Every structure is written in structure tokens, then in C-alpha cells.
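Heads up, the thing below is written out as C-alpha cells.
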Amino acid sequence: MAFEGLTERLQNAIAKLRRKGKISENDVKEVMREIRLALLEADVNFKVVKDFVKQVRTRAVGSEVLESLTPAQQIVKIVNEELIKVMGDEAVPLNHSKKIPTIIMMVGLQGAGKTTTASKLAAKLKRENKARPLMIAADVYRPAAIEQLKILGKENDIPVFEMGTDVSPVEIVRQGLAQATANKNDYVFIDTAGRLQIDEKLMAELAQIEELAQPDEILLTVDAMTGQNAVEVAQGFNDQLNITGVVLTKLDGDTRGGAALSIRAVTGKPIKFIGQGEKMDDLDVFYPDRMASRILG
Ligand code: GDP
């Protein structure tokens with residue numbers, strides 16, 4: 001289960017305080033030491049941990065906690081609020097263009113979940129907004145990726161624009177956008193190529209697609225299971241493209257929490273959606289407060 005270790009350690013750290021009546025500064029120090037270790041073990045970025053612990057400690061040694069008759073509850077409240085803050089406070093909605101189509105470009109490493117997420121999101125918009133999306137298959141390096149997008153498109157009754165693997169991705173996007181305009185599609189998803197790691201040639205190509213398509217949204221898809229590595233990848237993409245939001249996938253797995261808690265603080269970009277399974281309706285809006293509750297258990 002996601003966050004299992006983190007939840008358990010945070011709960012244990014705070015449980016020790018529950019046994020005491022009033023607490024001292026030393027007790028705060030002790031609990032903060034344990035919270036710090038719990039976060040590091042969950043693979044949270046060290047700078048994020050440092051700032052988080054400092055923030056909580058400053059508030060926790062305040063008189064309203066030290067003089068409280070329920071100090072453990074006060075600390076839980078502070079930790080909860082700071083978790084929400086570090087994940088961005090509020091849910092951030094998908095960007096929408098004033099005139100159709102809204103263009104959403106999907107980027108991320110191979111296997112992160114771009115193709116699946118594009119289809120999930122297109123299906124969600126179709127279901128909830130009666131949208132008429134078009135998906136463009138611009139991953140010419142893996143024929144299987146085009147095939148996968150076509151299968152998902154067919155299953156969900158969403159048209160897919162493709163030109164096989166012999167045309168440049170930029171050209172495919174150009175023609176795909178022209179088709180979307182002609183067909184009055186209100187959303188366009190551009191499924192781009194990924195690699196096993198960030199590589200300059202790919203980045204240059206993605207930048208060209210961005211330049212041409214001027215997307216309203218560039219959604220970076222990262223695999224929550226990869227922890228700090230997901231954060232580094234996010235930083236790498238964010239340095240070279242105008243990322244507007246992040247999708248954190250595979251939160252149905254036993255991820256430790258590092259990616260969820262670090263990405264916003266490190267990149268400054270909001271997590272907009274979370275993937276929680278392979279099925280089409282396993283995509284949810286990311287709410288920092290719900291995630292904090294989930295982490296605290
Ligand atoms: P891409 O290479 O970035 O396009 O990645 P894919 O969309 O092909 O996804 C790679 C694998 O991850 C596929 O088997 C997906 O079914 C799976 N996947 C994607 N999102 C999730 C998720 O939220 N949870 C789980 N369990 N699997 C996912």
C-alpha cells in the first residue's frame with residue numbers, strides 16, 4: 001500500500017507524545033527527529049525535509065502547543081497543515097484555452113504512463129464535459145506506442161491521428177492539429193516519445209513540438225514508484241520545457257511518498273492528477289488535503 005512505512009512511522013512518533021500530559025521542548029525535538037527520519041526514509045528530497053521540519057518545529061515550540069493539554073493533537077494538526085502546504089495547498093485545475101482546441105502535450109520518460117494517462121484524461125473529459133477529444137500519436141520511435149494509443153482510442157471511442165513512424169513528430173503534430181481544427185475537436189492530446197532517461201535529442205524535439213503547438217498544458221507524467229528519481233526527472237523536464245502540471249502515476253502501488261511530497265516544492269509545478277491503477281477511470285484530481293490525510297492515516 002502507498003505510504004505504508006511513512007504513515008506508520010509518523011503515527012508511532014506522535015503516539016509517544018500521546019502518553020505524556022504536557023510536553024517540553026525536548027519532546028518536540030525528539031518527535032521532530034523521528035519525523036525527519038520518517039520523511040528521509042520515504043525518499044523525500046532532503047531540502048524539502050529540512051524546510052518541512054524547520055517549519056513544523058517553529059510552530060510546535062510555540063506556546064499554544066507546549067501549554068496545550070492535548071499536545072499530540074496539536075502536533076498532528078501542524079504536521080497535517082504543513083504536509084498540505086508542501087504539496088501546494090489547493091487542487092489546480094487543468095488549463096483550458098478560450099478558443100478550441102485546448103492543446104495538452106504529454107511528456108515523460110518511457111513507461112511513466114503518458115499514453116495511458118492521455119487516454120484516461122481524454123475519456124474523463126468526454127465523460128464529464130461531453131468533450132470531443134483527438135489524440136495525436138507522436139511517438140515514432142516505438143511502433144508499439146502508436147498501436148497502444150490506437151487500442152485505447154478504440155476502446156474509449158476517441159479518434160487517434162497517426163502517420164506511422166516514418167514522418168517526423170513535428171510534422172505529425174502539425175497535421176494532427178490541422179485535422180483537429182477541421183473536425184472541431186475541443187481537446188487535443190499529443191502523446192510524445194519517452195526515453196529511459198532524459199536525453200538532449202529528445203528534449204530538443206519536444207521543445208520543437210512545444211514551439212509549434214503552443215500547448216495550453218504540458219503535463220509531465222512521472223512514476224511515483226521511482227521516488228527521488230521522479231523528482232530529478234521532473235526537474236530535468238522542467239528546465240527545458242514549460243511544464244504546467246504533473247501527473248503522478250502508480251499511486252496504487254507501494255510507493256513510499258517521496259515523489260508526492262517533493263515534486264511541488266522542488267519544481268514549483270503543481271501535481272494536477274494522480275493515476276491509481278491501469279483502468280481508464282483510475283485517474284483522479286490531486287487534492288493536497290486528501291493526500292495529507294492519506295499520508296497521516
Ligand atoms: P508511456 O511509455 O509513458 O506512454 O507509459 P504507458 O502509458 O505505456 O504506461 C506504462 C505501463 O504503466 C502500462 O502497463 C500502464 O498500464 C501502466 N500504468 C500507467 N499508469 C498507471 C497507474 O496509475 N497505475 C498502475 N498500476 N499502472 C499504470
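In listed order, ligands and their atoms are each counted from 1. Remember, it's a predicted structure, so these values are computed and weren't measured experimentally.
Polar contact with ligand 1: absent for T117 (N/O pair, distance under 3.5 Å).
Ligand-side atoms of ligand 1 in range of Q110: 2 (O), range being under 4.0 angstrom from any heavy atom. Counting the atoms of ligand 1 from 1 in the order shown, those under 4.0 Å from a heavy atom of Q276 are 23 (O). For ligand 1 and G275, the ligand atoms under 4.0 Å from any heavy atom of the residue are 23 (O). Annotation for ligand 1: atoms under 4.0 Å from non-hydrogen atoms of R142 are 2 (O). Close approach to K114 involves these atoms of ligand 1, each under 4.0 Å from a residue heavy atom: 1 (P), 2 (O), 3 (O), 4 (O), 5 (O), 7 (O).
Every heavy atom of D282 sits 4.0 Å or more from the atoms of ligand 1. Residue contacts with ligand 1 leave out G194, since none of its heavy atoms falls under 4.0 Å from the ligand. Ligand 1 is approached by A112 to a heavy-atom distance shorter than 4.0 Å.
With respect to atom 22 (C) of ligand 1, the closest heavy atom belonging to the protein is G277 O, 3.2 Å. When hydrogens are left out, the protein atom nearest atom 11 (C) of ligand 1 is K250 NZ, 4.1 Å; that is the closest non-hydrogen contact. Summary of contacts: the protein heavy atom closest to atom 2 (O) of ligand 1 is G111 N, 2.7 Å. From the protein, the heavy atom lying nearest to atom 14 (O) of ligand 1 is E278 OE1, 3.4 Å.
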Show every donor-acceptor pair shorter than 3.5 Å between a side-chain atom in residues 24-31 and any protein atom, with sequence neighbours excluded, or say none if there are none.
| unit_1 | atom_1 | unit_2 | atom_2 | d |
| --- | --- | --- | --- | --- |
| S24 | OG | N26 | N | 3.3 |
| S24 | OG | D27 | N | 3.2 |
| S24 | OG | D27 | OD2 | 3.3 |
| D27 | OD1 | K20 | NZ | 3.0 |
| D27 | OD2 | S24 | N | 2.9 |

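Distance alone, capped at 3.5 Å, is enough to place a donor-acceptor pair between the S262 side chain and the N45 backbone. Panel note: side chain N183, backbone N185; no donor-acceptor pair is recorded below 3.5 Å. Under a 3.5 Å cut-off, the side chain of T244 and the backbone N or O of I218 do form a donor-acceptor pair. Remark: the backbone N or O of A224 is paired with a side-chain donor or acceptor of T255 at under 3.5 angstrom. Checking side-chain atoms of D282 against main-chain N and O of K279 turns up a donor-acceptor pair under 3.5 Å.
Taking hydrophobic clusters as Ile, Leu, Val, Met, Phe, Trp and Tyr residues chained together by side-chain heavy-atom distances below 4.5 Å, I103 shares a cluster with M163.
Contacts between K120 and ligand 1, counted as non-hydrogen atom pairs separated by less than 4.0 Å, involve the side chain only. Under 4.0 angstrom from ligand 1, the non-hydrogen atoms of Q148 all belong to its side chain. In L109, the part holding a heavy atom less than 4.0 Å from any atom of ligand 1 is the backbone.
Annotation for E90: atom CD does not count as buried by contact number, only 12 or fewer foreign heavy atoms lying within 6.0 Å. Shown here is E200, whose CD atom has no more than 12 heavy atoms of other residues, nucleotides or ligands within 6.0 Å.
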- Message: Go through it in stages, so that I can follow the logic: the residues are R290 and D284, the test is salt bridge (Lys or Arg N to Asp or Glu O under 4.0 Å), and I'd like the CA-CA distance, side-chain angles, deciding distance and then a yes or no.
- Response: CA-CA 11 Å; R290 291 186 199 170; D284 296 291; over 6 Å; no

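Annotation: cation-pi pair R36/F52 absent, no NZ/CZ under 6.0 Å from the ring centroid and within 45° of its normal.
The option with the heavy atom closest to atom 6 (P) of ligand 1, from among V222, T116, V107, is T116.
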